[in-house]
Structures are given as C-alpha cells and as structure tokens.
Amino acid sequence: MRIFRFINDSAIGRRFFVRFAAAATVAAMPLTTLAEPMQGLAMVGEPALQPGFTHLPYVNPNAPKGGQIRFGEPGSFDSMNAWIIKGNPVFFGILDGQVTESLMYRSIDEPFTLYGLLAESIETDDDRTWVEFTLRPEARFSDGSPVTIEDVMWSYQTLGTQGHPRYRSAWDKVAKMEQTGPNKLRLTFSEPDRELALLMGMRPILQKAQWQGKDFSASGLMAPIGSGPYVIDKVDPGRAITLRRNPDYWGRDLAINQGRNNVDTIRYDYFGDNSAMFQAFKAGDLNVWRELNSVKWQTEFDFPAAQQGKVVKSDIPHQRPSGIMGLVMNTRNPIFADWRVRQAMIEAFNFQFISKTLTGGNDPRITSYFANSDLAMRPGPAEGTVRDLLEPFAGDLLPGTMEGYTFPQGSDTALDRKAMRRALKLLAEAGWTVQDGMLKNKDGQPFTFEILLNQSGSAMRTASETQQIVNIYVESLRNLGVQPRVTLLDSAQYVERKNNYQFDMTWYERGLSLSPGNEQRLYWGHQGVTQPGTLNWMGMNSPAAEAMIDKMVNARSPENFNAATRALDRVLTAGRYVIPVSFSPVSHLAHAASLKYPDTVPVYGDWPGFLPEVWWSDAK
C-alpha cells in the first residue's frame with residue numbers, strides 16, 4: 001500500500017510527508033517506512049512540484065492586490081444554483097474556485113495533478129481503491145464558520161444524488177463514505193478507476209447549514225456561501241454579478257494561493273448578444289475580450305481606446321487539445337442514425353470556402369477531438385497498442401476507425417461538386433434520392449431537419465458568426481435537395497431544449513484537456529442517450545468508446561494512457577457526429593492595459609485557473 005501525504009503547504013513552509021507501507025513482514029506485523037516527501041497526487045507519474053514549494057510556477061508571487069476586472073457574458077440567468085440542471089443558472093466558472101472551493105486544487109501547468117487546498121492531506125492505496133482526506137482545521141466559510149467533515153460529506157452526497165449529471169457518474173462508484181477521524185473522510189470505491197481519487201478531491205464544498213430546510217434541486221437566486229477568496233457582493237438578476245475579495249479569506253497564506261486572487265472586484269455583466277458585448281468592451285464598460293475570429297483580431301481592434309494604448313492585445317499560446325466545435329447531429333433522430341447520412345452532411349459542409357469567407361482561412365481545421373496534442377489519433381491505420389485495444393470491437397466500428405479517417409477539406413469555391421457527388425452517392429445508399437428537386441426516401445417522405453441556434457451565441461462563437469456559418473451551409477444543402485429549418489431561441493429556451501435533446505442539429509463546443517478521464521462518460525457515455533443534461537448531445541452509444549475510457553482511467557503509464565486516448569479519438573472522429581470547424585492554437589485576448597499576467601504561461605494557457613486567477617491590476 002502506498003500513502004501520499006502533504007501537511008499544510010502554507011507560505012511559512014511546514015514539512016510534507018509521504019509514507020509507504022512495505023511488503024516485508026516482521027513477526028507477522030507489517031513494517032512501515034518513510035519515503036521521499038510528496039505533497040500532491042498525479043493521475044500518472046508524480047507531481048512536478050517538490051516539497052516545500054512556495055508558489056505555483058505560472059504565478060507572480062509578488063503581484064499587487066487591488067483593482068477590478070469586468071467580464072461580459074452572453075445571455076442571461078435566473079438562478080445562482082450552478083450545481084443542478086434546472087433553470088438557466090449563472091456560468092459555473094463564476095462560482096467554482098472563486099466563491100466555493102474544493103478539497104484540492106488543480107495545477108494548469110501539469111496534465112492532471114492536484115495539490116491541497118481545503119484538505120491538509122490525502123491518502124490512497126497503490127490501486128486507488130480508496131481515498132482519505134484530512135481537512136485543514138483552519139478552513140472557514142466566508143461567514144466565519146468552520147468547514148467541517150459534515151459539510152464535505154453533505155456536499156458529496158447532495159451533489160451526487162441531486163446535482164448536475166456531471167457529479168453523478170463518479171458518485172455512483174462510491175461504495176462507502178465514512179468519517180474516520182475528527183477531520184478525516186474516507187471514500188471507498190466499488191470498481192477499479194484510478195481517477196476517482198482525484199475527481200473526489202475536486203468537488204465543490206458547500207455549507208450544509210445554508211441549505212437546511214431548502215430544496216437543493218430547485219433553482220433560485222440565493223447567493224451561495226463558500227470558503228473561497230471571493231464573496232458574492234451583489235446580484236442584479238439576469239443582468240450582473242459582482243464578486244468582492246474577502247479580506248478575511250482563511251487560505252490567503254497557503255503556498256498554493258500565493259500570487260493568485262489579486263483583484264479586489266470581479267464583475268460579470270450579461271448581454272443579449274456578443275455584438276452588444278463587444279461594443280461595451282470598446283466603450284470601456286468591460287476590460288477583457290476573447291476574440292475567436294482571426295480576421296477580426298487583425299482588423300477590428302483599432303478603435304480609440306486601442307489607439308490610445310488603453311487597450312492592448314495579447315496572444316496566449318497553449319498546448320491543450322483542440323477539442324471539438326461545430327454542428328452536432330443528434331442520432332436520436334432516425335435520419336442521423338445512419339453514418340452514411342452523417343458523412344453526407346459532412347461532405348456538404350464546404351470547410352475551405354466557409355473558413356476563407358469568414359476567417360480568411362488563417363486557422364487550421366479541427367482534424368480530431370484531441371488534435372493539437374500528443375493524445376491525438378495518428379494518420380493512417382491503427383497500429384500497435386491502439387490497434388490491439390480496438391480489435392475486440394472491430395466488427396462494430398464504423399468505416400475509417402481502424403483504417404484511418406480524415407474530414408474533407410472542401411473547395412475554395414462555393415460549390416464543391418466532387419463533395420456533392422460523394423454526398424449524393426452516400427445518401428442513395430442510405431435510401432435517400434432526389435425526387436422532383438427534393439431529397440426523399442422510397443415512401444416519398446422528404447429529408448428535413450431543424451438546426452437549432454442560441455440567439456445569444458456560445459462561449460466560442462458569436463451569434464452572428466454561427467448564423468453566417470449556418471447560412472452558407474444551408475445554401476450548400478440545397479444542392480442536395482435539402483432545405484433545413486433554422487430556429488433561433490433566446491438563451492433560456494435554448495438551454496431547456498438542448499438539455500432535453502430536443503434538436504436535430506445544433507452548435508456544439510466541447511473543450512478537452514490533457515488529462516481526459518471520467519468526464520468523457522458524461523460527454524459520450526450511453527447513459528446520456530436518455531438522461532437529460534449530459535453533454536452527449538449526439539446521442540452516441542458506443543461500447544468501444546466506453547471501453548477506451550475504462551482503459552484511460554486505469555492506465556498506470558503515460559504510454560498506455562496515450563494509446564487508450566488515441567483509440568478513443570478514432571472512435572469519436574470516425575463516428576461522424578460533429579461537422580468540425582477551425583480552432584486556434586493561440587488565445588487572442590484584448591484587455592485593459594492596466595491588467596497584467598505573469599511572464600510564464602502554463603501548459604493549458606488561457607484556461608480556467610488563468611484569468612482572472614493569476615492576473616493583477618497595475619494602476620500605474
């Protein structure tokens with residue numbers, strides 16, 4: 001049995017310990033020996049930071065405190081309960097890590113390593129069949145009350161049974177939860193899964209007393225009490241949220257927090273659409289803007305504030321996967337259940353022309369879900385361990401999974417005749433032919449579907465950009481005798497329909513990390529075919545995909561982990577569920593010149609944990 005322990009990683013530098021239980025036996029009693037100190041837990045390998053570290057490598061430990069950051073968010077909100085599926089809640093990231101905290105904190109300069117936050121120590125056996133956390137006795141909620149084991153256990157139980165589906169899959173694998181000491185909590189798992197020890201350390205811890213007598217599963221505007229560095233100062237329902245830095249924050253001296261949480265005020269303003277939000281940024285009402293269109297990045301940032309040097313542009317590189325972004329097809333609709341139809345829809349999407357028209361063709365196309373990283377599937381046939389992993393499922397895999405699959409690049413002209421011929425051939429094989437100018441089946445039923453869009457846009461694309469992409473695509477589909485309906489809904493209506501998978505095709509974005517694991521089941525697992533609120537919008541049900549996820553979460557070496565992820569990437573990509581667009585390996589951030597960030601950029605780049613966490617305001 002191997003036990004990892006870290007004790008109080010505060011800036012005043014207390015010692016860290018790790019203990020290993022040896023297999024040797026003396027007089028039938030186990031012998032325990034000390035090993036090198038360790039203060040964190042990694043998914044694969046060992047944590048990068050050594051015992052006694054004073055701050056994270058991507059922060060400025062001497063960053064000044066003060067000032068404010070104002071962000072814009074598209075849409076609106078009617079609930080402050082971001083941990084359930086009901087309502088139209090605030091963006092989860094507004095609360096997570098700023099108002100609420102977890103037992104452990106994730107470094108964004110490592111693929112998947114956690115260091116202690118609310119937890120003083122973590123222990124687990126070599127197979128990670130259980131995990132035990134020791135809570136810091138000094139941990140406090142913002143109202144001054146202590147964070148207790150009772151709060152932790154209540155949070156885990158409540159989130160796992162009444163919370164958003166993102167919490168439930170891991171909770172379902174907890175066989176037993178028990179208090180093992182005044183500040184100790186142990187979770188025993190019901191099945192092999194080496195990632196669970198880390199996942200349980202990342203659950204938000206809520207204050208049990210605040211929710212007594214209240215229905216946790218109901219949406220509402222009650223401001224949650226957390227233990228984080230910020231408190232909710234003001235809520236203007238549907239319009240704005242203001243966070244204020246807590247001067248009495250219990251964890252301000254921890255090493256993990258040095259150089260973080262620097263600004264005094266963080267405000268999030270909500271806008272009807274991205275265009276209004278950009279105008280507010282140009283006027284100085286917001287002071288951060290993420291630009292996702294490379295043409296606009298070059299041409300639309302010459303407004304007066306930029307000319308005067310009050311606004312500057314920063315390119316933040318990253319090494320994370322491209323993820324997937326584009327139009328997703330809902331296979332719950334029988335017309336999209338046939339892979340040949342989905343491939344035909346992909347052929348009709350003239351990527352080269354669309355990219356050139358809208359973004360100047362500057363950004364590369366997404367070639368697979370884990371493109372831009374070492375986790376991406378390799379070109380050509382599957383080989384070695386990847387092939388061995390997929391071989392048991394070969395009979396059920398779609399064409400291209402084993403042989404290799406690539407998305408068509410399209411043509412630089414509006415009409416890609418070769419692609420249209422390929423699409424018509426596939427549609428005919430699937431039973432759809434053009435009759436009297438319309439695509440129909442043998443019974444004369446027309447091929448028709450709805451493209452559902454959010455009029456507030458998305459996290460990665462403005463509403464006008466997605467509308468332009470869809471408009472060009474619709475024109476292309478007419479060449480196949482297809483005329484889809486395009487429906488724009490307000491944010492609340494859109495959320496309700498997508499949570500219940502009431503769409504045929506819609507805009508889809510899924511960021512992926514360098515440490516994919518159990519969350520992949522939420523994205524692609526079979527339970528999402530019927531369970532509302534998951535991210536399996538395409539409705540896929542693939543035993544091969546879920547088997548690869550099992551291999552990923554139980555891998556003990558980087559080689560085996562990479563092979564399992566590359567195999568999953570093949571299953572997803574050849575599944576032909578999403579019509580992908582382009583991505584940028586660099587984040588384009590325009591911001592007030594007074595806002596600064598450290599010289600050292602983490603591996604994940606502009607990712608949760610970077611902005612606003614490690615930025616600061618320099619009034620000079």
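Throughout, numbering of the chain's residues begins at 1 and tracks the sequence. Quick caveat, the model's predicted, so the values are computed rather than measured.
- There is a side-chain donor-acceptor pair under 3.5 Å between Tyr494 and Thr506.
- Taking the side chain as every heavy atom from C-beta outward, Thr487 and Leu453 never approach each other to under 4.5 Å.
- For the residue pair Asn88 / Asp78, no side-chain donor-acceptor distance below 3.5 Å is found, with atom types taken as modelled.
- Under the 3.5 Å distance criterion, the side-chain polar atoms of Asn81 are left unmatched by any main-chain donor or acceptor of Ser219.
- Atom CG of Leu389 is separated from atom CZ of Arg570 by 11.5 Å, given to the nearest 0.5 angstrom.
- Leu415 has its side chain within reach of Met420: a pair of non-hydrogen atoms, C-beta onward, lies under 4.5 Å apart.
- Relative to the ring axis of Phe92, Arg166 places its NZ or CZ within 45° and under 6.0 Å from the centre.
- Cation-pi geometry between Arg332 and Tyr501 is satisfied (NZ or CZ under 6.0 Å from the ring centre, within 45° of the ring normal).
- For the pair Ser373/Leu514, a side-chain contact is recorded, criterion being any heavy-atom separation below 4.5 Å from C-beta on.
- Within the 3.5 Å criterion, the main-chain N or O of Leu358 finds a donor-acceptor partner in the side chain of Asn293.
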Kindly determine whether Lys418 and Arg422 satisfy side-chain contact (heavy atoms from CB on, under 4.5 Å), including the steps that lead there.
CA-CA 6 Å; Lys418 292 182 179 179; Arg422 292 194 297 267; 3.8 Å; yes

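- Side-chain atoms of Arg566 never come within 3.5 Å of backbone atoms of Val386 as a donor-acceptor pair (strictly under, hydrogens ignored).
- The two atoms that bring Val474 and Pro484 nearest to each other are CG2-CG, 3.9 Å, heavy atoms only.
- For the pair Glu450 and Arg497, the salt-bridge criterion is met [side-chain N within less than 4.0 Å of a carboxylate O].
- For Phe278 and Trp289, the distance between ring centers is under 6.0 angstrom.
- Neither side chain, Thr466 nor Gln468, offers a donor N or O lying under 3.5 Å from an acceptor on the other.
- Between the NZ atom in Lys551 and the OG1 atom in Thr565 there is a gap of 13.0 Å [rounded to 0.5 Å].
- Between the side chains of Arg478 and Gln483, at least one donor-acceptor pair of N or O atoms lies under 3.5 Å.
- Inter-residue side-chain proximity for Gln343 and Tyr405 is flagged as met; some heavy-atom pair is nearer than 4.5 Å.
- A donor-acceptor pair is defined here as one N or O able to donate and one able to accept, closer than 3.5 Å; such a pair exists between the side chain of Glu546 and the backbone of His526.
- Side-chain atoms of Asn350 never come within 3.5 Å of backbone atoms of Gly410 as a donor-acceptor pair (strictly under, hydrogens ignored).
- Environment of NZ in Lys296: crowded, with over 12 heavy atoms of neighbouring residues, nucleotides or ligands closer than 6.0 Å.
- In the model, Asn554 has no side-chain atom that pairs as donor or acceptor with a side-chain atom of Asp193 under 3.5 Å.
- The aromatic ring centres of Tyr577 and Trp339 sit 6.0 Å or more apart.
- The existence of a salt bridge linking Asp127 and Arg556 is confirmed by a sub-4.0 Å separation between a basic side-chain nitrogen and an acidic carboxylate oxygen.
- The backbone N or O of Arg340 sits less than 3.5 Å from a side-chain atom of Asp338, completing a donor-acceptor pair.
- For the pair His318/Asn372, a side-chain contact is recorded, criterion being any heavy-atom separation below 4.5 Å from C-beta on.
- The side-chain heavy atoms of Ile346 and Arg576, taken from C-beta on, include a pair separated by under 4.5 Å.
- Here the CG-CH2 distance, from Leu426 to Trp432, works out to 14.5 Å after rounding to the nearest 0.5 Å.
- Side-chain atoms of Ser322 do not come within 3.5 Å of backbone N or O of Ile366 as any donor-acceptor pair.
- Note: Asp569 CG to Thr401 OG1 = 11.0 Å, rounded to the nearest 0.5 Å.
- Counting only distance, with no hydrogens or angles, the side chain of Ser294 and the backbone of Thr359 share a donor-acceptor pair below 3.5 Å.
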Run the side-chain hydrogen bond (donor to acceptor under 3.5 Å, both in side chains) test on Asn471 and Gln467 for me, step by step, so that the C-alpha distance in whole Å, both residues' side-chain angles and the decisive distance to 0.1 Å come before the verdict.
CA-CA 6 Å; Asn471 288 344; Gln467 184 71 66; 3.0 Å; yes

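- Within the 3.5 Å criterion, the main-chain N or O of Leu327 finds no donor-acceptor partner in the side chain of Tyr473.
- Considering only heavy atoms from C-beta on, Ser368 comes within 4.5 Å of Met377 through its side chain.
- Just one of Val553, Val131, Asn518 meets the side chain to side chain contact (heavy atoms under 4.5 Å, CB included) condition when paired with Leu196; it is Asn518.
- Looking only at distances, no side-chain donor or acceptor of Asn500 sits under 3.5 Å from a matching main-chain atom of Gln502.
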May I have the step-by-step check of side-chain contact (heavy atoms from CB on, under 4.5 Å) for Ser491 and Ser76, ending in yes or no?
CA-CA 7 Å; Ser491 182; Ser76 183; 5.6 Å; no

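- The distance from atom CG of Leu568 to atom OG of Ser542, rounded to the nearest 0.5 Å, is 8.5 Å.
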Glu195 and Phe112: CA distance, side-chain angles, deciding distance, side-chain contact (heavy atoms from CB on, under 4.5 Å) verdict:
CA-CA 10 Å; Glu195 191 186 29; Phe112 197 1; 3.3 Å; yes

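- Side-chain atoms of Ser411 and Gln352 include no donor-acceptor pair closer than 3.5 Å.
- In this structure the side chain of Ser355 never reaches within 4.5 angstrom of the side chain of Asp363, judged on heavy atoms.
- Atom-to-atom distance recorded for Ser217:OG and His164:NE2 is 13.5 Å, nearest 0.5 angstrom.
- With no hydrogens or angles considered, a side-chain donor-acceptor pair links Tyr604 and Arg106 at under 3.5 Å.
- Figure legend: cation-pi geometry between Arg510 and Tyr369 absent, as NZ or CZ is not positioned both under 6.0 Å from the six-membered ring centre and within 45° of its axis.
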For side-chain contact (heavy atoms from CB on, under 4.5 Å), just list the numbers for Thr448 and Arg485, CA-CA rounded to whole Å, side-chain angles, deciding distance to a tenth of an Å, and then say yes or no.
CA-CA 8 Å; Thr448 183; Arg485 306 183 312 278; 3.8 Å; yes

